[in-house]
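Below you'll find the structure, written out as structure tokens, and then a few comments.
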Amino acid sequence: MRGYIPPQNNEELVFVKKICHTLEVAENLGYVQYTLFMDLRQQELFAAQANKFPNLKIQFFSGYNGECERKLAAIYPEYVELYPEDLPLVVLKSKLLDKDLSHKDFLGSAMSLKIKRDYMGDIILDNDNVYIVCHKNIANILIEELVMVKKTPVDLTFCDEELTFNKEYSQIKTATVASLRADSVVAALLNCSRSESAKYIKQGNVRINQLEISHTDFEIFDKDIISVKYKGKYKVFCDGLKSRKDRIFIKIAKY
């Protein structure tokens with residue numbers, strides 16, 4: 001497994017300071033504290049700090065069952081009981097009147113309302129409906145203000161049902177790579193040369209689990225999520241199987 005990667009910039013340093021403060025408050029005052037929604041990279045940073053507080057319990061919540069990316073955490077001492085109804089998390093639901101609308105369309109419309117990203121969880125488009133996981137503090141804003149997405153009406157309401165979503169990918173393919181270096185894997189997912197993939201990486205256009213990388217030899221692990229600017233987002237599966245020529249089999253799933 002990949003080892004812990006410490007904060008890489010000021011934004012991550014500020015995030016870690018906030019998390020440490022939240023953990024300290026939960027431990028010293030003895031009541032439940034909640035984070036805002038965290039992406040995969042922030043969850044990694046959070047976990048590293050939470051490990052320093054062995055007397056605290058940590059639970060993650062995403063608003064639904066299944067593979068998810070954005071989660072908030074509940075932090076509390078072992079002697080405190082956590083009540084689900086106190087979670088600052090709700091799910092909103094609306095009919096999806098235009099099947100051509102995307103996750104990006106809904107997120108962009110929400111961001112135009114000056115809502116910070118860390119107050120929003122995952123956005124799921126599932127058959128005839130769209131589901132938006134969000135913090136309780138912004139739920140009414142979304143219901144009242146997010147009434148149109150790209151000229152398509154939206155009518156958000158609270159969704160109380162238990163939800164389960166299976167991740168769907170637009171494309172799945174198998175490839176072989178010489179190694180699990182980032183330049184080799186990115187070349188496979190983009191179907192380009194390693195020199196081209198190296199350019200993407202060195203220009204800061206590649207993120208692994210929301211961590212921006214700059215080194216071509218950064219190692220890729222099973223189930224890593226790779227985002228390439230302007231090219232899409234992919235999940236890589238590798239179980240260690242090799243070809244007769246000692247190349248590594250990987251499966252690439254595009255979101």
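All values below were derived from every heavy atom in this structure, side-chain atoms included, with hydrogens, water molecules and symmetry-related copies excluded.
Ile75 pairs with exactly one of Leu82, Val25, Ile58 by the side-chain contact (heavy atoms from CB on, under 4.5 Å) rule, that one being Ile58. Results of the side chain to side chain donor-acceptor pair (under 3.5 Å) test with Tyr64 over Thr164, Asp126, Asp122 single out Asp122 as the only residue that passes.
Identified under the salt bridge (charged side-chain N to carboxylate O under 4.0 Å, His left out) test for residues 141-158, with sequence neighbours left out: Asp105-Lys150. Sorted by first and then second residue, the salt bridge (charged side-chain N to carboxylate O under 4.0 Å, His left out) pairs with a member in residues 64-78 read Glu67-Lys235, Glu69-Lys233; sequence neighbours excluded. Sequence neighbours left out, the pairs with a member in residues 165-182 that pass salt bridge (charged side-chain N to carboxylate O under 4.0 Å, His left out) are Arg181-Asp183. Here ring-ring contact (aromatic ring centres under 6.0 Å, His included) pairs that include residues 102-124, with residues two or more places apart or in two chains, are Tyr119-His135.
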Side-chain donor-acceptor pairs under 3.5 Å in residues 27-37, sequence neighbours left out?
residue, atom, partner, partner atom, Å
Asn28, ND2, Glu24, O, 3.1
Thr35, OG1, Ala73, N, 2.8

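In this structure, Tyr131 and Phe165 have tilted ring planes: the angle between them lies in the 30° to 60° band.
Annotation: Tyr169 is in aromatic contact with Tyr255 [ring centroid separation under 6.0 Å].
Ionic pairing of Lys199 and Glu196 is not present here: no N-O contact between side-chain nitrogen and carboxylate oxygen is shorter than 4.0 angstrom. For the pair Asp128 and Lys99, the salt-bridge criterion is met [side-chain N within less than 4.0 Å of a carboxylate O].
Residue Tyr200 places its OH atom among 12 or fewer non-hydrogen atoms of other residues, nucleotides or ligands, all under 6.0 Å distant. With a 6.0 Å radius and a threshold of 12 heavy atoms from other residues, nucleotides or ligands, Glu11 has its CD atom at or below the threshold.
Every residue two or more places apart in sequence or in another chain that forms a side-chain hydrogen bond (donor to acceptor under 3.5 Å, both in side chains) with Tyr76 is listed here: Gln59.
Closest heavy-atom contact between Gly63 and Val133: CA-CG1, 4.3 Å.
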